[in-house]
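Letters A, B, ... are given to chains in the order of the sequence lines, protein chains preceding strands, and every chain is numbered from 1. All values below were derived from every heavy atom in this structure, side-chain atoms included, with hydrogens, water molecules and symmetry-related copies excluded.
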Amino acid sequence: MKHEIPDRAPATIADDLLTWFDRHGRHDLPWQHPRTPYRVWVAEIMLQQTQVTTVIDYFQAFMARFPDVETLAAAPSDDVMAHWAGLGYYARARNLHAAAQQVVGEYDGVFPRDVETLMTLPGIGRSTAGAVVAQAFGIWAPILDGNAKRVIARLAGITAAPGSAAYEKPLWQLAERYTPHERVTDYTQAIMDLGATLCTRRRPNCPACPLAATCVACIDGLQVDIPAPRKKRARPQRETTMLVIEDEAGRLLLEKRPPTGIWGGLWSLPEIEAGADIAEVCRERFGIEAAPGSALAPIEHGFTHFLLTLHARRVQYRRTVRIMDGDFAWYRRDERPGLPAPIVRLLDSPQLKLNL
DNA sequence: AAATCGGGGAC
DNA sequence: GTCCCAGATTT
């Protein structure tokens, strides 16, 4: 299998891109001022599969609470997760925390300056490592995030399906070739900015693009074909049941979810199997005597891969029979940990707000 | 190579 | 409603 890589005069591409970036690029993102390795790294992790506008507020709050890698490494896991609640992809937060502890423990709190070493940290792949190296240290390294992929694929006319080797391999090759040795920090920001603002997935603004003259997709009118659209897949429907239990002091029983799977590592309402004996579960799992109460209106939540119907069931707390060991705890209303968005909606819904 | 993991912005 | 985003990790 051979891939034809057109030579698009790399130096010219970088020059044109940088000239455009100086006028039209994004120069005041929070992680650019100050642009420390720690801030760049946290931003890069947050920006995985999450758009800039969503990340900004989370980033500011995260930096206020965890201003440096030592603070993050020493922080309780629940605190880190709470600051991630609502961002999604919670494995990112657990990896971030573990990586911080690794940087402090193994590298004395100083971030490695090379792609290879950075990639040994959990949650850092080739593109994120490249971004940290280029943006935080100004050292040459290619990046290949979603924006760069789209820009380069169109530029070179790569029509292979995203995810295939025929797509990924040439893109990395071209990413290396285009990345200049001068102004590598600005270049990596520039190619992402171009993808985010001009070379968008739908209706790219080719007339305003500094690379249009040598772009295969633009010249051949292939903008809608590159990148090739993904196959759509039917989203299965799933159901789950959760319990709303408050004790005599009005505190809410929450349970920490297992580290993998949906909402991994996040606190949530206790989940039970459909048809389970609620009183028995309460006794065995939580050591409380309780009776099933009314069912609340089901909550619908759409994930990328499936649709979830959440059946919440009120439970009447009587008394604590036995102190149990487990990943659950009673939380007051005003000290809630980070919770999944649909759970927050449920707890703040009018039907519960009255009594909770 | 394909599946998993999630929330929200944009349309 | 649909699509997809500054992807990494597991299978």
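Nucleotides B:dG8 and C:dT9 are separated by 23 Å at their C1' atoms, to the nearest Å. The separation of B:dG9 from C:dA8, taken at their C1' atoms, amounts to 22 Å, rounded to a whole angstrom. Annotation: C:dC4 and B:dC5 have their C1' atoms spaced 15 Å apart (nearest Å).
Where A:Gly86 and A:Ser164 each meet DNA chain B at their nearest nucleotide, the meeting point lying more 5' is that of A:Ser164. Ranked by how close their nearest DNA chain B nucleotide is to the 5' end, A:Gly264 and A:Arg233 are led by A:Arg233. Of the two residues contacting DNA chain C, namely A:Arg126 and A:Gln51, the nearest-nucleotide position lying further toward the 5' end is that of A:Gln51.
Atom CE in A:Met119 sits about 15 Å away from atom P in C:dG7, given to the nearest Å.
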>> Using side chain to side chain donor-acceptor pair (under 3.5 Å), reason through A:Thr240 and A:Glu271 one step at a time and then give a plain yes or no.
In response: CA-CA 7 Å; A:Thr240 186; A:Glu271 183 178 15; 2.4 Å; yes

>> Let's go through A:Asp68 and A:Thr71 carefully: what are the C-alpha distance in whole Å and the side-chain angles of both, what is the deciding distance for side chain to side chain donor-acceptor pair (under 3.5 Å) to 0.1 Å, and is it a yes or a no?
In response: CA-CA 5 Å; A:Asp68 49 56; A:Thr71 305; 2.7 Å; yes

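For A:Arg285 and A:Glu273, the salt-bridge test fails: no basic side-chain N is under 4.0 Å from an acidic carboxylate O.
Side-chain contact of A:Arg92 with A:Thr50: a donor-acceptor pair under 3.5 Å is present, judged by distance alone.
Applying the 3.5 Å distance criterion, the base of B:dG6 shares a donor-acceptor pair with the side chain of A:Thr304.
Distance from the side chain of A:Ile262 is smallest for B:dG6 among the nucleotides B:dA10, C:dA8, B:dG6.
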